[in-house]
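Whatever order the structure lists them in is the order used to number ligands and atoms, beginning at 1. The chain is numbered in sequence order, starting from 1. Owing to the predicted nature of the structure, the values given are computational and were not obtained by experimental measurement.
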Amino acid sequence: MKILMVASEAAPFAKTGGLADVLGSLPGALIKQGAEVRVIMPKYGTISSKLRESIVHKCVIYVGVGWRNLYCGIEEAVCNGVTYYFIDNEFYFNRDGLYGFGDDGERFAFFCRAVLEAIPHLDFTPDILHCHDWQAGMVPVLLEAHYRQLELYRPIKTVFTIHNLRYQGICGIDQMKEWFSLSDDYFTEDKLEFFHSASFMKGGLTYSHLLSTVSHSYAEEIKYPFYGEQLDGLLNARSKELWGIVNGIDYEEFNPAKDPLIYQTYTKTKLAGKDANKVALQEELGLAVDEKIPVIGLISRLVDQKGLDLIACVLDEILAEEVQFVVLGTGDGKYEHMFWEATRRYPGKVSANLRFDNTLAHKIYAASDLFLMPSLFEPCGLGQLISLRYGTLPIVRETGGLKDTVISYNEATGEGNGFSFANYNAHDMLYTIRRATGICRKKTLRNKLRKAAMSCDFSWQSSAGKYMELYHTLVPEAVE
Ligand code: ADP
């Protein structure tokens, strides 16, 4: 079974969120199950110089985008036993970030075209092209439109995974026609047309053989208008082909027993190290040093999806409690300002770290008592999975993957691995935070819950098995 994953980011090369974590860890898990998996992604200017050294040049091809023929280097690196291919074009990808340059549609149009043109040059003809999110969404469309009649491409099947339905790659119809050399026929309501524009995401959803998303609950939710981002009709129509497979995390990278990035390692039977992490973090971030104060961590893109409006409503009420709040994230100015401003009003109580910082992220996961993730919607969410691994109890809203992975502590039965609330309501969240901090002050109960959290298994093993099942429905004859 040969799989080529197509994505716009993959850890450790380039990461803005959970998509990169998945592309950095799922391929390895599938290889363990016997599949041959490779990844193809853009070669960004932000890839660290150390990782760049491992990338070798393979060849140069020219890729047509509209009337232009553009340079496209194909490069390759092996990382943790997985082969990564890179699409190199300095103009499109040698920039100081991944997205948000105003020409992202054109950049990823080039990427999608380059992926299909690159296949004959890879020494690897996939049985399945597994495309992730809108940036790869036009690959299945192009395959049908321009390549299907060619021998090499004829048997290739396609899978499209939605990591976040909100970001769709919506562009003008005329631009899309030109970039992809597609006729008017493709721009009807049942194909690429989307409210007088056209959508990469809709292309992936319409033209792929099978669809998946990253949790069961999100797979159900997106069939309704509230979560469906105006694609609920299409998702309902394709519901038989839509799978929900929950993400895992890399249990090697996120391992409190071995993590070199945290202050002190610990295990579920030797939890004292976790409190030492808290004290060290309080010192590093200039918070009041006190092991007994519950620390709430929040590591996130700072966008409305993550439930930050709920926090804005009751921030002062949260901070009226004896708690500390450690934030790590970047995003919308209004949320960055809200947290920055809170550090001024609550010195020693709030720490706002408005940047992307992997090392600090590990330290916060290890040091916090609680991890706040009150998302408006959450396809899967990795923050809560990483928290559970570090014995940091998640406080989540019951939506998408959060609902599927966090079980709210039940005082009657003693079951649970965190805390949750159902409605998108700030005071429901506040009540849940108060309940959680109250429990954190009871050391025996807190340690019992930490152990329960650390005993959960969200490694890739079982989910990788589900992906294998999905691939086999498309290529039943493939052997591992
Ligand atoms: P999303 O993909 O919607 O951003 P996820 O919870 O699925 O959310 O994944 C987010 C990933 O990015 C996690 O690994 C989280 O730790 C990481 N992350 C988010 N913001 C930062 C940041 N500012 N610094 C370091 N890591 C971050």
Student: Between D369 and R450, is the closest basic N to carboxylate O distance under 4.0 Å?
Tutor: yes
Student: Please tabulate, one line per pair, the protein nitrogen or oxygen atoms found under 3.5 angstrom from a nitrogen or oxygen of ligand 1, with distances to 0.1 Å, or say none if there are no such pairs.
Tutor:
{"residue": "ligand 1", "atom": "2 (O)", "partner": "G18", "partner atom": "N", "Å": "2.6"}
{"residue": "ligand 1", "atom": "3 (O)", "partner": "R301", "partner atom": "NH2", "Å": "2.8"}
{"residue": "ligand 1", "atom": "3 (O)", "partner": "K306", "partner atom": "NZ", "Å": "2.8"}
{"residue": "ligand 1", "atom": "4 (O)", "partner": "R301", "partner atom": "NE", "Å": "2.7"}
{"residue": "ligand 1", "atom": "6 (O)", "partner": "L382", "partner atom": "N", "Å": "2.9"}
{"residue": "ligand 1", "atom": "6 (O)", "partner": "G383", "partner atom": "N", "Å": "3.3"}
{"residue": "ligand 1", "atom": "7 (O)", "partner": "L382", "partner atom": "N", "Å": "3.2"}
{"residue": "ligand 1", "atom": "8 (O)", "partner": "K306", "partner atom": "NZ", "Å": "3.1"}
{"residue": "ligand 1", "atom": "9 (O)", "partner": "G18", "partner atom": "N", "Å": "3.2"}
{"residue": "ligand 1", "atom": "14 (O)", "partner": "K15", "partner atom": "NZ", "Å": "3.1"}
{"residue": "ligand 1", "atom": "14 (O)", "partner": "D21", "partner atom": "OD2", "Å": "2.8"}
{"residue": "ligand 1", "atom": "16 (O)", "partner": "Y365", "partner atom": "OH", "Å": "2.6"}
{"residue": "ligand 1", "atom": "23 (N)", "partner": "R355", "partner atom": "O", "Å": "2.8"}
{"residue": "ligand 1", "atom": "24 (N)", "partner": "D357", "partner atom": "N", "Å": "3.0"}

Student: Among pairs that include at least one residue of residues 327-338, which meet side chain to side chain donor-acceptor pair (under 3.5 Å), considering only residues two or more places apart or in two chains?
Tutor: D309-Y335
Student: side-chain hydrogen bond (donor to acceptor under 3.5 Å, both in side chains) with T269: which residues, sequence neighbours excluded?
Tutor: T267
Student: Out of K306, K403, R397, which one pairs with E378 under the salt bridge (Lys or Arg N to Asp or Glu O under 4.0 Å) rule?
Tutor: K306
Student: Would F108 and F200 count as a close aromatic pair, with their ring centres under 6.0 Å?
Tutor: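 So the answer is no for these two rings.
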Student: Going by atom type alone, with no hydrogens or angles, which donor-acceptor pairs under 3.5 Å involve a side-chain atom of residues 228-237 and a protein atom two or more places apart or on another chain?
Tutor:
{"residue": "E229", "atom": "OE2", "partner": "R166", "partner atom": "NE", "Å": "3.3"}
{"residue": "N236", "atom": "ND2", "partner": "K223", "partner atom": "O", "Å": "2.8"}
{"residue": "N236", "atom": "ND2", "partner": "D232", "partner atom": "O", "Å": "3.0"}

